[in-house]
Engineer: 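Before anything else, here's the structure in question.
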Amino acid sequence: MNDMRLTERAVDATDVKISARKVQVYYGDNHAIKDVDVDIPDRMVTAFIGPSGCGKSTFLRSLNRMNDTIPICRVEGKITLDGEDIYDRRVDPVQLRAKVGMVFQKPNPFPKSIYDNVAYGPRIHGLTRNKAELDEVVEQSLRRAALWNEVKDRLHAPGTGLSGGQQQRLCIARAVATSPEVLLMDEPCSALDPIATAQVEELIDELRANFSVVIVTHSMQQAARVSQKTAFFHLGNLVEYGETGQIFTKPQDPRTESYISGRIG
Amino acid sequence: MTDAVAHPTPHSGSLLRQDERTRRRNNAERRFRLYGQVAIGIAIMALVILLTSVLGNGLSAFRQTFISMPVTLDAAVLDKKGNRDPADLKKVTTIGYSKLLVNSLTQVIEEEGIVVEGLASSDIKDMISDEAAAQVRDRVLGNPDLIGQTVDLKVLANGRIDGYLKGRVSMESAERDSNVSVNQLRLTESLVERGIIGKSFNWGFLTAADASELRPEAAGLGVAILGSAYMMIVVLVLSLPIGVAASIYLEEFAPKNRWTDLIEVNISNLAAVPSIVFGILGLAIFINFAGLPQSAPIVGGLVLTLMTLPTIIITTRAAIKAVPPSIRDAALGIGASKMQTVFHHVLPLAMPGILTGAIIGLAQALGETAPLLLIGMVAFVRDFPAAPPEGLFDPAAALPVQVYNWTQRADPAFVERASGAIIVLLVFLLVMNTAAILLRRRFERRW
Amino acid sequence: MPLPATLFCGLDISMSIGLLLAIILGLAAVGYVIGIRRAKDRAGGDTRRLHSLAGYHGQSVLLFTAVPALLVVGAWLLLQPVVIEARVSGMIAESDVPQGSSLDLVMSDVRRVADGLNAIAANEQLTEDEIAAMGADLGGLRSRLGNAGVALASDVQPSVFEASRTYRQMNNTGLTALSISAILVALAGLVFSASRIQAEFRARNVSESFVKLLFIGSSFVAVLTTFGIIASLVVESVHFFQLYPIKDFLFSLTWNPQFRGGSDLGIWPLLWGTLYVSFVALLFAVPVGLLSAIYLSEYASKRVRSVVKPAIEILAGIPTIVYGLFALITVGPFLRDYFAQPLGLGTSSSSVLTAGLVMGIMLIPFVSSLSDDIINAVPQAMRDGSFGLGATHSETVRQVILPAALPGIVGAILLAASRAIGETMIVVMGAGAAAKLSLNPLEAMTTITVKIVSQLTGDTEFASPETLVAFALGMMLFIFTLGLNVIALYVVRKYREQYE
């Protein structure tokens, strides 16, 4: 672990983008998330780590109300985006998700062309006025996802034909194309090989310039490499939250320490 | 990475206010949802209308109009020689019995003091079904002791009288109808008031044979039900063993090669061949080539067997596939042969699934009509087939074909009969499907 | 083809066959017991010395006794009519065939007379000589046959009478020969397999191989069925095309069968009616079925789904005759009284629209359950991806799920189309019998299946082109539906592989 890099980066603390207070999530009778308080800063990468089944993905999905699609799932407490309660009755999850985009564990390109995959978001949200603008958004998003050079000659080939790493970067481009303010990433590298993982990690670091990024990861090294803030979840509780360097070098809670040193996994 | 081109940033507004575009998109969403609900509404409504139409038209077939009156079985007419010799008794035709019935009814009318102006004696005769005399004759021949007695009989009323009580025939329609007169209907009203004519449960509908075009009131489903039952026996006896054997082979023994592929493709295509093509097969192979009799349940059964075989094979294979390999491994591991594994372990575990599939296949076969038309099951059959196995070669009808047959007849009374027959058919299907569902529930096993 | 309602005297044949089967099965049962006894004897009372359990010895004897004998019976019954037919038809000279008739017609007379002779012989307990003597009085024979239920158009010709007598005799001797040979085969099998029994005889392996052979045989039944279908369609179609030019059948635009020759038998009016009715049916069933499938799998709560799905599936379990009756007594008159007559578009209650609508109802569950499977096969990740970008549910369905499911849905529609084309009862009772090329959906039209039924249940002679055309129509139908099915199954399979 490169501790030097971590402490160096942890300086630029800024405004809070998403704030969660006393969040509870239930799956039927199962209390999956208990009393979570967390402030996610703007233009930084926040990592959620913890053993599998600790609720980190569930909490991530409640940040853009993806949990609404699961009928038995219930969210209580307060989550605000720029100070507005996202679980307010007046909030349309569709509008919310345009602001809070999401990238999933397994690359899930639509069975459409590369171009149509990226253009999907701008089209449904009506972000562009004409074809030229759309072309530009697509190109820019693909560039941001560091995929442009690889696919610029076959934009109309099916997205499913790309390699795993390319597919995941396509999904990131797709999410970026709607120009969200927050980008949620649910273990985006777990299905990728090391080279593709390195590419995506590099990309995440660059995305930080424009978005607030929240990443759920299984790998502590990854969290250490890409994030500025880290939250450690255990059994549905947020155990510890702080600067990434802090968490990895001087954890306050014994559970965090056990996890980091490999005793809980 | 260049950020030279500014990204459009349209989400600047508050989350708490719906923007115009989102409102439009949500309206589209609601419309789409509505389309789905409308589609489901149409499907359910179609089902409801279908069932009410059949029930509405057919339920009345289970009640039939009868005339109850004392009939003197006059020995002077029925047994002129007075020796009760069956051979002599048989010489008295239905015409003789018909006269007796007419006399009895005339007498009843007189006794009750009913006067209908312009009522001809032929009108009284036509009140009674032509079938009634035959029924009384059969009864007397079966029990000659009745001769000379006066017995209370319930005889079938004519189909038009039945139609009048069921609202199918009215005074207006009677004026235009040569088969029924207004006077008869007036007489009917008086007799109904006195309780002499009335409706009661129509057992004959379920047990009697078909009747001719002119006697809808006597037409029954007996032969058809028996014929269908015979065919189902043939189907069950043939398709279950053959289907199960074929499935076991394909699932457990068959090597993966082109032959097996061919058989599998063949089965899935056979399942989608139109049923009428199986009728053509039956006509060409079983009747013309092998010389089996027309209209016989055996031919119908064979054709339906070939038709249901793919269904049974497909469901049986699914049931066998659902038995986990660990069970096979366990049996093979203690030295059982492949065949023993199948018969001792796989088959018993797959049995509920197989039986469910067999019942569903049978239900399908029971309702099938088109192929039976081609192998001559449309023939008018009045005689009950003998007991199996000989009876399998006797001419018979089948339930669905009987429905078709009745719809081809002119008298609207047969529409009621056809709908009634459908109800009987649907009740059988309901029972079979319920059995299948219960079987599945009872033995459902999750691995 | 005339329907000889009660003419066939199946009784004695089936009786003797029934008895024969009983004897064979009895022998098999005896063989089973002998097998077990003998195996125990050979083991000297200690069954542990046997290679296979005693039951397997019994089983192998049982199988060797019953199966070959039963196969002999089956094959014999199938082939006997063919052989006898060939022999007897040789007895009828060219000159005996009347003008305007054919050998086939004469042969059917022969069969009927033979049946009649059987009936007379059974009723009056005649000897063979007495039957032969009946040939002396052919006029009297006709009336006697009439009494026995065989009505003939003219007196029996001497050659036909002789042929009938031979036909009858050969049938009877055939059955006797069959009984003897089948019982001999059964006994031979019994003796052979029983004599093989030794303590170390691998009876289990033998009987298992035998059973496996039976299994293989069973799986061939399906192949044989297909073969039978194709053979019967092709053979009779070839007959038809010998009597009627194939060119006219395929290209003529009129369908006008005449009772006495000179018919126009062009397939186009029927094909048009078939496609028109199927098109109307799909036009109704595809949107309704697809939208209900989408609603049920994407929107409906579990409770709604658990009520509505089975309700729609009830529609699939209702036999087509019920739909036919529904078209005949409800939908047809309704469309006539409220649409056709007020609009001046027709006066017939059977019409393309009637049949199409009712067939559409029949196809709803078919389309919806297939689409349901296909929509459910689209991975959840696709939906998440779309929702995660802020798409509404309907946008997700229309722009992600449906395009992803499209090949599967196309397959489902093709299967539904094949169903519609092959459907018989609904069109027989709902579409009408008039063969015409018209665009008016409220007019009665007819289809291939309707004409197959009417040509094969009509009164024309079997060997006439008017009857045989049904086989050519059946072949067209078979080719069409098979083609659609093969394409559809291929498309659906490719689709499933994509997500597996």
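Here is how names work: the chains are called A, B, and so on, in the same order as the sequence lines, proteins then strands, and each is numbered from 1.
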Engineer: Identify which part of L373(B) has an atom lying under 4.5 Å from any heavy atom of chain C, answering side chain, backbone, both or neither.
Structural biologist: both
Engineer: Could you tell me whether a side-chain N or O of E29(B) sits under 3.5 Å from a main-chain N or O of H393(C), the two making a donor and an acceptor?
Structural biologist: yes
Engineer: Looking at G36(B) and Y295(C), what are the two nearest heavy atoms and their distance?
Structural biologist: CA-CB, 3.8 Å
Engineer: Taking side chain as everything from C-beta outward and backbone as N, CA, C, O, which of these in Y404(B) sits under 4.5 Å from a heavy atom of chain C? Side chain, backbone, both or neither.
Structural biologist: both
Engineer: Side chain from CB out, backbone as N, CA, C, O: work out which of these in L429(B) comes under 4.5 Å of a heavy atom of chain C, or both, or neither.
Structural biologist: side chain
Engineer: Show your reasoning for whether side-chain contact (heavy atoms from CB on, under 4.5 Å) applies to F343(B) and V211(C).
Structural biologist: CA-CA 11 Å; F343(B) 276 104; V211(C) 170; 4.3 Å; yes
Engineer: Under a 4.5 Å heavy-atom cut-off, does chain B meet the side chain of I294(C), its backbone, both or neither?
Structural biologist: side chain
Engineer: Testing the basics here: between F326(C) and S53(B), what is the closest heavy-atom pair and its distance to 0.1 Å?
Structural biologist: CD1-OG, 3.6 Å
Engineer: Identify which part of I216(C) has an atom lying under 4.5 Å from any heavy atom of chain B, answering side chain, backbone, both or neither.
Structural biologist: both
Engineer: Under 4.5 Å between any side-chain heavy atoms of L47(B) and I312(C), yes or no?
Structural biologist: no
Engineer: Pick from E423(C), M475(C), E395(C), E298(C): which one has the most heavy-atom pairs with chain B under 4.5 Å?
Structural biologist: E395(C)
Engineer: What closest approach, in Å, do I267(B) and A222(C) show between heavy atoms, and which atom pair accounts for it?
Structural biologist: CG1-CB, 3.7 Å
Engineer: Is it the side chain or the backbone of L425(B) that comes within 4.5 Å of chain C heavy atoms, both, or neither?
Structural biologist: side chain
Engineer: So what's closer than 4.5 Å to chain C heavy atoms on F278(B): side chain, backbone, both or neither?
Structural biologist: side chain
Engineer: L328(C) versus chain B, heavy atoms under 4.5 Å apart: side chain, backbone, both or neither?
Structural biologist: side chain
Engineer: Looking at every heavy atom in both G367(B) and P319(C), which two are closest together, and how far apart are they?
Structural biologist: O-CB, 3.4 Å
Engineer: Is E252(B) in contact with chain C via its backbone, its side chain, both, or neither, using a 4.5 Å heavy-atom distance?
Structural biologist: neither
Engineer: For N485(C) and A272(B), work out which heavy atoms get closest and say how close.
Structural biologist: ND2-CB, 3.1 Å
Engineer: Considering only heavy atoms, which portion of L270(B) lies under 4.5 Å from any heavy atom of chain C: side chain, backbone, both, or neither?
Structural biologist: side chain
Engineer: Examine whether an atom of L233(C) lies under 4.5 Å from a heavy atom of chain B, and if so say whether it belongs to the side chain, the backbone or both; otherwise answer neither.
Structural biologist: side chain
Engineer: Among I229(C), T481(C), I361(C), which residue forms the greatest number of heavy-atom pairs with chain B at distances under 4.5 Å?
Structural biologist: I229(C)
Engineer: What part of Y56(C) lies closer than 4.5 angstrom to a heavy atom of chain B: side chain, backbone, both or neither?
Structural biologist: side chain
Engineer: To the nearest 0.5 Å, how far apart are CD1 in I285(B) and CZ in F227(C)?
Structural biologist: 8.5 Å
Engineer: Please determine whether the number of non-hydrogen atoms from other residues, nucleotides or ligands lying under 6.0 Å from atom CZ of R419(C) exceeds 12.
Structural biologist: no
Engineer: For the residue pair L306(B) and V221(C), what are the closest heavy atoms and their distance?
Structural biologist: CD2-CG1, 4.2 Å
Engineer: Under a 4.5 Å heavy-atom cut-off, does chain B meet the side chain of T392(C), its backbone, both or neither?
Structural biologist: both
Engineer: Relative to chain C, which segment of I44(B) carries a heavy atom at a distance below 4.5 Å: side chain, backbone, both, or neither?
Structural biologist: side chain
